[in-house]
Enquirer: 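Got a structure for you, questions after.
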Amino acid sequence: MYKYLYNNQIHFAPGFHEARWHTKLALPDDINPIDHFIVRIWHWDETEQDYSIEVFDAPGHRVLKDYGNALTFFNALTIDYPEDAGEEVKLELIQYHRGRISTLQSKILFPTLLAKEA
């Protein structure tokens with residue numbers, strides 16, 4: 001079962017696209033539904049001991065149509081992710097192509113540590 005955070009509540013759905021449908025987060029008009037890129041943000045789930053709760057309404061969760069823009073956005077987010085987020089998050093850059101999801105890059109950010117260094 002897929003877990004996601006939306007409006008500060010954890011919800012469940014069979015998968016990513018069903019969750020977006022339930023939250024009425026449709027793909028932008030210029031996005032090819034068969035081939036696109038997504039920058040995803042995940043929170044830690046204590047029960048599963050893994051980053052398994054996707055955050056739809058966090059700063060940064062975005063669907064993009066081409067790799068160049070997606071990579072630029074991902075890299076900018078790893079540098080400028082809000083330090084006041086309060087908890088570490090996992091960022092992923094994925095490609096959705098014909099029903100398959102491929103992880104292209106993944107980073108875990110620790111904004112609480114960054115805030116202490118400043």
Side-chain angles (χ1 to χ4, degrees):
M1 188 58 73
Y2 175 79
K3 286 189 219 178
Y4 62 99
L5 184 68
Y6 186 71
N7 288 334
N8 291 323
Q9 293 183 340
I10 294 179
H11 303 273
F12 298 89
F16 173 75
H17 289 290
E18 291 86 356
R20 287 188 66 87
W21 182 80
H22 285 289
T23 57
K24 297 181 178 31
L25 292 172
L27 293 175
D29 291 336
D30 64 338
I31 299 295
N32 179 346
I34 296 172
D35 186 23
H36 52 271
F37 299 87
I38 306 170
V39 175
R40 302 171 87 175
I41 300 172
W42 298 88
H43 279 221
W44 183 260
D45 183 352
E46 284 293 328
T47 305
E48 295 186 24
Q49 292 292 298
D50 194 9
Y51 292 94
S52 61
I53 302 172
E54 186 164 7
V55 185
F56 281 163
D57 47 6
H61 182 89
R62 188 169 299 174
V63 179
L64 301 125
K65 67 179 175 179
D66 64 65
Y67 176 71
N69 288 339
L71 182 61
T72 299
F73 181 75
F74 177 84
N75 287 333
L77 192 59
T78 61
I79 295 168
D80 296 328
Y81 194 81
E83 292 178 358
D84 60 352
E87 64 182 70
E88 50 279 341
V89 295
K90 178 181 175 183
L91 294 181
E92 277 187 322
L93 171 58
I94 62 125
Q95 179 181 22
Y96 179 85
H97 182 72
R98 298 183 184 251
R100 296 187 72 197
I101 293 176
S102 302
T103 301
L104 305 175
Q105 288 202 33
S106 178
K107 289 187 179 184
I108 297 175
L109 303 180
F110 298 94
T112 53
L113 296 177
L114 294 172
K116 289 178 184 175
E117 292 177 6

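Every heavy atom of this structure was used, including side-chain atoms; hydrogens, water molecules and symmetry mates were not.
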Enquirer: Using a strict 4.0 Å threshold on nitrogen-to-oxygen distance, state whether Glu92 and Lys107 make a salt bridge.
Expert: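 Salt bridge absent between Glu92 and Lys107.
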
Enquirer: Hey, does Leu109 have a side-chain heavy atom less than 4.5 Å from the side chain of Leu91?
Expert: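 Yes. Closest side-chain heavy atoms under 4.5 Å.
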
Enquirer: Backbone N or O of Gly15 within a donor-acceptor pair of the Glu18 side chain at under 3.5 Å?
Expert: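 Yes, the answer is positive, given that a donor and an acceptor are paired below the 3.5 Å cut-off.
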
Enquirer: Looking at Ala19 and Tyr2, what are the two nearest heavy atoms and their distance?
Expert: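 Minimum heavy-atom separation between Ala19 and Tyr2: CB-CE2, 3.5 Å.
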
Enquirer: Check whether any side-chain heavy atom of Phe74 sits under 4.5 Å from a side-chain heavy atom of Gln105, and report yes or no.
Expert: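 Counting from C-beta outward, Phe74 and Gln105 do come under 4.5 Å.
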
Enquirer: Closest heavy-atom contact between Glu54 and Trp42?
Expert: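 So the minimum-distance heavy-atom pair works out to N-CE3, 3.4 Å.
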
Enquirer: Does Lys65 NZ have over 12 foreign heavy atoms under 6.0 Å away?
Expert: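 No - once you tally the heavy atoms of other residues, nucleotides and ligands closer than 6.0 Å, there are 12 at most.
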
Enquirer: Cationic tip of Arg40 within the cone over Phe16's six-membered ring, i.e. under 6.0 Å and within 45° of the normal?
Expert: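 Cation-pi check for Arg40 and Phe16: passes.
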
Enquirer: Report yes or no: does Asp50 contribute a side-chain atom to a donor-acceptor pair with the main-chain N or O of Ser52 at less than 3.5 Å?
Expert: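 Not a single qualifying donor-acceptor pair exists.
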
Enquirer: Less than 4.5 Å apart, side chain to side chain, heavy atoms only: is that true for Val39 and Leu64?
Expert: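 Yes, their side chains come closer than 4.5 Å.
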
Enquirer: List the steps, then state whether side-chain contact (heavy atoms from CB on, under 4.5 Å) holds for Leu104 with Phe37.
Expert: CA-CA 10 Å; Leu104 305 175; Phe37 299 87; 3.7 Å; yes

Enquirer: What I'd like to find out is whether the side chain of Ile108 reaches to under 4.5 Å of the side chain of Tyr51, using heavy atoms alone.
Expert: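 In contact.
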
Enquirer: Give the C-alpha distance, both sets of side-chain angles, the deciding distance and a yes or no for side-chain contact (heavy atoms from CB on, under 4.5 Å) between Ile38 and Gln95.
Expert: CA-CA 6 Å; Ile38 306 170; Gln95 179 181 22; over 6 Å; no

Enquirer: With rounding to the nearest 0.5 angstrom, report the CZ to CZ distance, Phe73 to Arg62.
Expert: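 Between Phe73 CZ and Arg62 CZ, I get 4.0 Å after rounding to 0.5 Å.
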
Enquirer: Under the criterion side-chain contact (heavy atoms from CB on, under 4.5 Å), I'd like the reasoning laid out for His36 against Asp66: C-alpha separation, chi angles, the key distance, then a yes or no.
Expert: CA-CA 7 Å; His36 52 271; Asp66 64 65; over 6 Å; no

Enquirer: For Asn32 and Asp35, test the side chains for any donor-to-acceptor distance below 3.5 angstrom and give the result as yes or no.
Expert: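 No - no donor-acceptor pair under 3.5 Å links their side chains.
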
Enquirer: Hey, does the side chain of Glu48 reach the backbone of Asp45 with a donor-acceptor pair shorter than 3.5 angstrom?
Expert: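 No: the side chain of Glu48 does not pair with the backbone of Asp45.
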
Enquirer: So which atom in Met1 and which in Pro14 form the shortest heavy-atom distance, rounded to 0.1 Å?
Expert: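 The pair with the smallest heavy-atom distance is SD-N, 3.9 Å.
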
Enquirer: What are the two closest heavy atoms between Trp44 and Ile53, and how far apart are they?
Expert: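 Where Trp44 meets Ile53 most closely, the heavy atoms are O-CD1, 4.1 Å.
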
Enquirer: Is there a side-chain contact between His97 and Ser102 in this structure, where contact means two heavy atoms from C-beta onward sitting under 4.5 Å apart?
Expert: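 They are not in contact (no side-chain heavy atoms under 4.5 Å apart), so the answer is no.
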
Enquirer: Does Tyr6 form a side-chain contact (heavy atoms from CB on, under 4.5 Å) with His22? I'd like the steps, not just the answer.
Expert: CA-CA 10 Å; Tyr6 186 71; His22 285 289; over 6 Å; no

